[in-house]
Amino acid sequence: MNERLDHARRLGGRIRTGWQREDVEAQLARLHARQRARVRRLTLALPLGAVAIASLVVAVVASRGHVQPVLVVPLAPAAAADRAPPEAKPVPPVVARVEQPPSSEPERSAVTPGEIRPAPARPHDPVRPVVDGAAPAPAQSSTWRDDASRGDYPAAWAELARTGASTDTMTDLLLAADVARMSGHAGAAVASLARSLELHADDARAPLAAFTLGRVQLEDLGAPRAAALAFARAIELAPEGPLAEDALAREVEAWSRAGETEIARARALTYTQRYPDGRRARAVRRFGGLETP
Amino acid sequence: MSRHLRVVDGPDPAAAAPEPAVALTVDAAFRAHAEFVASVALRVLGRPSEVDDLVQDVFLRVLHRLGELREPTALRAWLAVITARLARRRLRTRRWKLWLGLDGEHAYAQLADRAASPDDRALIGELYRALDRLPVRHRLAWTLRRVEGLELAAVAEACDCSLATVKRWIAAAEAALRMEIDHE
């Protein structure tokens, strides 16, 4: 092992926390407190967890039709003799069943007190045959918003290109911009973002739209000058907002990439004054030409 | 809690002393070994702010298993292995945070107290920054072996790998650190 690394290793081996007795006692008290809290949490969580698991198991088993969950229907005197056994009844057409009121009062009253009987099957229950002519309705086709929310941006883009965004709301425009960006259509994203700024400059999401516009211009389209203007717009829309520091740093970078060294330098100076300990100070100094050789 | 950080010359008094024969109650084990666990945690993690929680986690982990320990004298080694394993989890979390941009560069020079020479302070900082750049498993293996001085078998147990693998990781870490540290 080389000398310097060996020295560093020996120094590392001599590092101690230097805990004193009172430190250890304080930590021990904290340990006991955490142990008590854990016991309390377990005491609460175990019964709740057991109930949740039991409910889940019952639901899964019932949904698979392996076991018919039982339903206890209390106290319905008389009329028991009028009831035919459920399995003896012909299966009514789905349409007719749908037209019936959801709860069938005669059936309910036909149960003897305390009797246990199978729960009524739901319309999609596989044990019930499908009646002729009652084919299920086709599933509603998904929209580009659905595709986007699933993260299937190419499908969303295809659907969006086919139908077009239906509204000019900020939400739709931002989502459409995301779809365009994520599916590799940066130019369309710029159009959506620019329109969102044009129509909704007073929206709380406008700075985010401007910032995103700058990023698309800078990173996807290689248009640093337009990007710098977009970042400047993001700052103008929310000078004290959470994106302001990043926007200013990216503006410096964009001006630098556009060859506007003087503007980049001026904006870098603004950054260092405004955020002396900024997260992006190093990059800003580099792009703004503030680094001393 | 970790306000008494210092680089101490000479051997670690806690490590050199014979292991105290303590009854295996949590309180006794904690009083006897908490400082040792904390120091191991600090040397592995390099960040005082994470030490207190790790010590707590270690003792919460062993709380119900102290009675299972057949060799009370092996408690210290057992604690070191558990500390290393929990530290590995924290190092991995830290790596994710770094990747996500949620973890910045740490001022490791503060690991040495003011009595240490400026060169030593700088070297400590340099070492831990270099360790931060290593893969977690390499870092852990190297630290446990070269800094903690654990036996290879204990290092392998802490790293959940074979002896041959741990030797390979230590060698890889050594080579990387030599490149980083030994540039002068």
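Lettering of chains follows the sequences in order, A, B, ..., and the numbering in each one begins at 1.
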For this session: Please look at E148(B) and chain A and tell me whether the side chain, the backbone, both or neither of the residue comes under 4.5 angstrom of a heavy atom of that chain.
Result: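 For E148(B), no heavy atom lies under 4.5 Å from chain A.
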Exercise. Heavy-atom distance under 4.5 Å to chain A: side chain of D57(B), backbone, both or neither?
Worked result: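 Answer is both: backbone and side chain atoms of D57(B) are under 4.5 Å from chain A.
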Exercise. Between R16(A) (side chain) and S39(B) (backbone), is there a donor-acceptor pair under 3.5 Å?
Worked result: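 Absent.
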Exercise. Are the side chain of R4(A) and the backbone of I181(B) linked by a donor-acceptor contact shorter than 3.5 Å?
Worked result: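 Present.
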As an exercise, state the distance from [atom1] of [X] to [atom2] of [Y], rounded to the nearest 0.5 Å.
X	Y	atom1	atom2	answer
L60(B)	R34(A)	CG	CZ	5.0 Å
D27(B)	E25(A)	CG	CD	8.0 Å
L177(B)	D6(A)	CG	CG	12.0 Å

Hey, does [Y] have a side-chain heavy atom less than 4.5 Å from the side chain of [X]?
X	Y	answer
L5(A)	E174(B)	yes
I124(B)	I15(A)	yes
Q27(A)	F59(B)	no
R10(A)	V147(B)	no
L127(B)	L11(A)	no

Identify all side-chain donor-acceptor contacts of residues 280-289 of chain A below 3.5 Å with residues at least two apart in sequence or on another chain.
unit_1  : atom_1 : unit_2  : atom_2 : d
R280(A) : NE     : D246(A) : OD1    : 2.7

Exercise. Are more than 12 heavy atoms from other residues, nucleotides or ligands located less than 6.0 Å from atom CZ of R88(B)?
Worked result: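 Check passes, neighbour count above 12.
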Exercise. Near E219(A) CD, under 6.0 Å, is it more than 12 heavy atoms from other residues, nucleotides or ligands?
Worked result: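 Counting other residues, nucleotides and ligands, CD of E219(A) exceeds 12 neighbours.
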For this session: Test R30(A) against D53(B) for salt bridge (charged side-chain N to carboxylate O under 4.0 Å, His left out), laying out the working first.
Result: CA-CA 10 Å; R30(A) 190 175 159 224; D53(B) 284 345; 2.5 Å; yes
For this session: Answer with side chain, backbone, both or neither: which region of R38(A) has an atom nearer than 4.5 Å to a non-hydrogen atom of chain B?
Result: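 For R38(A), the contact with chain B is made by the side chain alone.
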Exercise. Which heavy atom in L31(A) sits nearest to a heavy atom in F30(B), and how many Å separate them?
Worked result: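 Result for this residue pair: CD2-CD1, 3.9 Å.
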